[in-house]
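The chain is numbered in sequence order, starting from 1. In this text the structure is predicted, and so the values were computed from the model without any measurement.
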Amino acid sequence: MAEVLLCFHCASADAEAIAEALRGIVQAPVHLRDERVLGRDFSDAGTGEQVLATLRRSAVELVVDEAATASLVATVGGARRRWPVRWLATPVVARGRIE
């Protein structure tokens, strides 16, 4: 099966809940990363973020079989969170472990 890097971009306050929801149903490691997003799409921004034109977000990433994508997106949709979540799936061409 093809693998994808599944990434959820969310409000930092929602990152732990999303990560825990995913961790409860997959064996893959779940990576959390804080991000600062510069841009002009303020549909998900709070008032302070709009003033600064900088969004504070978190990325929640994991590598999974492509067939699991829809199920995992639905899991995040049902997770306890306050803000919208954007997601993307990127094909994994190769990966490994270097020791």
Side-chain angles (χ1 to χ4, degrees):
M1 271 199 168
E3 290 182 315
V4 295
L5 173 63
L6 188 54
C7 182
F8 297 94
H9 296 278
C10 62
S12 295
D14 292 335
E16 288 292 329
I18 290 169
E20 286 301 318
L22 293 168
R23 193 171 129 181
I25 61 171
V26 297
Q27 295 297 315
V30 178
H31 298 262
L32 292 167
R33 181 179 64 251
D34 289 330
E35 297 183 327
R36 197 175 64 160
V37 181
L38 306 175
R40 295 188 171 88
D41 179 3
F42 296 114
S43 60
D44 297 345
T47 304
E49 292 174 323
Q50 290 178 16
V51 170
L52 296 174
T54 302
L55 286 75
R56 296 280 181 193
R57 295 291 178 265
S58 292
V60 181
E61 296 180 329
L62 61 161
V63 175
V64 295
D65 287 331
E66 185 176 19
T69 301
S71 172
L72 295 173
V73 170
T75 296
V76 170
R80 289 185 63 147
R81 57 187 175 74
R82 294 187 52 201
W83 304 102
V85 176
R86 296 173 186 256
W87 66 274
L88 65 98
T90 307
V92 174
V93 177
R95 69 178 183 135
R97 180 178 170 162
I98 300 173
E99 295 199 35

Taking only residues at least two apart or on different chains, which pairs with a member in residues 58-84 satisfy salt bridge (Lys or Arg N to Asp or Glu O under 4.0 Å)? Arg33-Glu61
May I ask you to list the residues sharing a hydrophobic cluster with [X], side-chain cutoff 4.5 Å, ordered by chain and number?
| X | answer |
| --- | --- |
| Leu5 | Val63, Val92 |
| Leu88 | none |
| Leu62 | Val4, Leu6, Phe8, Ile18, Leu22, Ile25, Val26, Val30, Leu32, Val60, Val64, Leu72, Val73, Val76, Val85, Trp87 |

Considering only residues two or more places apart or on different chains, which pairs with a residue in residues 2-17 satisfy side chain to side chain donor-acceptor pair (under 3.5 Å)? Glu3-Arg95, His9-Glu35, Ser12-Ser58
Side chain to side chain contact (heavy atoms under 4.5 Å, CB included) partners of Ala21, counting only residues at least two apart: Thr75, Ala79
